[in-house]
*Asks:* 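Please find one structure pasted underneath; my questions will follow.
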Amino acid sequence: MKARHFLFLILLFGNSFIKKSFAQALIVKGVVIEKGSNVRVALAEIVNGRTKTGTLSNELGMFQILAKIGDTLLVKKKNLNNHQVLLKT
């Protein structure tokens, strides 16, 4: 089966995330969407590269994970290309 182009990732940062110290980990919320469409991706795995902790997106493609600025999130799902996102301010 041919792998489809992977993911566009929308990260939602609350005002408190930007105001907090760079060293403090906070909850990052996001939505995983297939690149080039508006299709949300359910059960995609999201892993924080620094902490090696992970989570899955829900049936609506939404997720939340503990991270801090400078961390890299790896988003992956079978039959789709992996995607890395660097968290910035």
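One is the number of the first residue; the rest follow in order along the sequence. For the numbers below, each heavy atom of this structure counts, side chains included, while hydrogens, waters and symmetry mates do not.
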*Asks:* Looking only at heavy atoms, what is the nearest atom pair of G70 and L86, with distance?
*Replies:* O-CD1, 3.4 Å
*Asks:* Between the main-chain N or O of F63 and the side-chain N or O of S57, is there a donor-acceptor pair closer than 3.5 Å?
*Replies:* no
*Asks:* Starting from L80, can I reach L73 by hopping between I/L/V/M/F/W/Y residues whose side chains sit under 4.5 Å apart?
*Replies:* yes
*Asks:* Under the side chain to side chain contact (heavy atoms under 4.5 Å, CB included) test against V32, which residue among L56, I46, N58 passes?
*Replies:*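 Among the candidates, only I46 passes.
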*Asks:* As an exercise, state the distance from NE2 of H83 to NZ of K35, rounded to the nearest 0.5 Å.
*Replies:* 7.5 Å
*Asks:* Testing the basics here: between R40 and L60, what is the closest heavy-atom pair and its distance to 0.1 Å?
*Replies:* CD-O, 2.7 Å
*Asks:* Please round to the nearest 0.5 Å and tell me the distance separating atom CG of L26 and atom CD of Q24.
*Replies:*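 Between L26 CG and Q24 CD, I get 5.0 Å after rounding to 0.5 Å.
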*Asks:* Do you know which two heavy atoms are closest between I65 and N48, and how far apart they sit?
*Replies:*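 Closest heavy-atom pair between I65 and N48: CD1-N, 3.8 Å.
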*Asks:* For N82 and K76, which heavy atoms make the closest approach, and how far apart are they?
*Replies:*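 Looking at all heavy atoms of both residues, the shortest contact is OD1-CB, 2.9 Å.
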*Asks:* Between L87 and K68, what is the shortest heavy-atom contact and its length?
*Replies:* CD1-O, 3.8 Å
*Asks:* Looking at Q64 and T55, what are the two nearest heavy atoms and their distance?
*Replies:* O-CG2, 3.5 Å
